[in-house]
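Every heavy atom of this structure was used, including side-chain atoms; hydrogens, water molecules and symmetry mates were not. Labels below follow one simple rule: chain letters A, B, ... track the order of the sequence lines, proteins then strands, and each chain is numbered from 1.
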There are 2 protein chains.
Amino acid sequence: MSQGNTRVTAQVVHAQACPVREVLDRVAGKWSVLIIVAAAHGPIRFTELERSIEGISRRMLTLTLRNLERDGLLTRTVHATVPPKVEYELTPVARELHASLLGLTDWAERHRVTIAESRAAYDVAHGRGLDAG
Amino acid sequence: MSQGNTRVTAQVVHAQACPVREVLDRVAGKWSVLIIVAAAHGPIRFTELERSIEGISRRMLTLTLRNLERDGLLTRTVHATVPPKVEYELTPVARELHASLLGLTDWAERHRVTIAESRAAYDVAHGRGLDAG
DNA sequence: CCGGATCCCCAAGGATACTG
DNA sequence: CAGTATCCTTGGGGATCCGG
């Protein structure tokens with residue numbers, strides 16, 4: 001840390017400029033978008049999210065929810081009942097994001113086969129076919 | 001909005017989420033989208049990409065280009081001249097992706113201020129203000 | 001039920017040097 | 001000019017345990 005060489009590189013400069021980067025940083029996580037999709041139908045509880053998003057850990061669910069809440073994409077409503085009940089709901093901003101996302105999912109569905117074929121072809125053409133190692 | 005028994009139930013979001021995951025996996029990288037944007041204007045050379053995408057390393061540029069090529073999003077054209085010249089160009093599929101991406105960038109630009117404010121408010125409300133914790 | 005705290009691993013990605 | 005190979009750091013994210 002203190003080798004006398006200040007390691008300030010140019011990565012800081014570029015970080016904020018691009019709106020593309022902005023949206024990606026916000027959605028980059030492995031789970032953010034899945035949560036948004038899962039919550040698109042209406043308010044949803046913690047455990048419901050946990051069950052509906054197969055494979056997500058409790059930790060990541062919590063972390064991602066906090067992040068989305070921080071960005072104003074989710075509202076968190078705590079019902080102070082004896083069995084705790086917490087509901088998450090998309091904000092209008094998040095709903096707009098979800099709508100824009102549909103364009104992407106549509107693209108993915110329209111081209112998933114083509115892309116898969118392209119990958120296979122590329123792999124074959126470059127040796128990395130079906131053999132391991 | 002959603003009060004009153006919205007029993008949509010969190011049926012496994014997988015059905016809807018998978019295409020989302022697909023596109024994310026494809027775009028998850030730190031640079032993929034930036035390259036697509038940079039190449040959106042037309043064929044572009046390796047070094048042109050390197051210069052236009054501030055902060056990218058040679059290694060990551062190469063790796064990401066290979067991946068995009070593998071997915072059929074980029075074509076790579078080698079001109080066997082004495083000074084090597086390689087041009088990358090978006091495929092129609094990638095152009096469609098780029099178009100869909102515009103919806104997201106538009107969203108980002110429309111709400112960047114709101115989101116920033118939300119973050120600031122959240123951070124203030126949760127102690128993590130401007131101090132380094 | 002909700003979720004914070006801790007430990008740990010591993011893949012993404014940066015720096016650098018070499019090649020055709 | 002356009003890569004490739006190697007080393008090393010960083011932090012995302014899984015597993016697990018604990019607390020309200």
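For B/Arg95, the side-chain hydrogen bond (donor to acceptor under 3.5 Å, both in side chains) criterion is met by no residue, not counting sequence neighbours.
A donor-acceptor pair under 3.5 Å is absent between the side-chain atoms of A/Thr64 and the main chain of A/Leu61, judged by distance alone.
Atom P of nucleotide D/dA2 and atom CD of B/Glu69 are separated by 14 Å, given to the nearest angstrom. Nucleotide D/dG13 holds its P atom 11 Å from the CG atom of B/Leu24, rounded to whole Å. To the nearest angstrom, P of D/dA2 lies 10 Å from NE2 of B/His79. Residue A/Ile53 contributes atom CD1, which lies 12 Å from atom P of D/dG14 at whole-angstrom precision. The CE-C1' distance, from B/Met60 to D/dC8, rounds to 15 Å in whole Å. Counting to the nearest Å, the C1' atom of C/dG13 and the CG atom of B/Leu34 are 14 Å from each other. Between A/Lys30 atom NZ and C/dA11 atom C1' the separation is 11 Å, expressed in whole Å.
Between the CG atom of A/Leu90 and the CD1 atom of A/Ile36 there is a distance of 6.5 Å, given to the nearest 0.5 Å.
Comment: B/Asp106 engages B/Arg110 in a salt bridge, judged by a side-chain N to carboxylate O separation of less than 4.0 angstrom.
Classified by interplanar angle (parallel below 30°, tilted 30° to 60°, perpendicular above 60°), the ring pair A/His111/A/Trp107 is tilted.
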Checklist line | nucleotides 1-7 of chain C: protein proximity per nucleotide (B base, S sugar-phosphate only, - neither; heavy atom, under 4.0 Å) | finding: BBBS-B-
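Of all non-hydrogen atoms in B/Arg45 and B/Pro84, the two that sit nearest each other are NH2-O, 3.5 Å.
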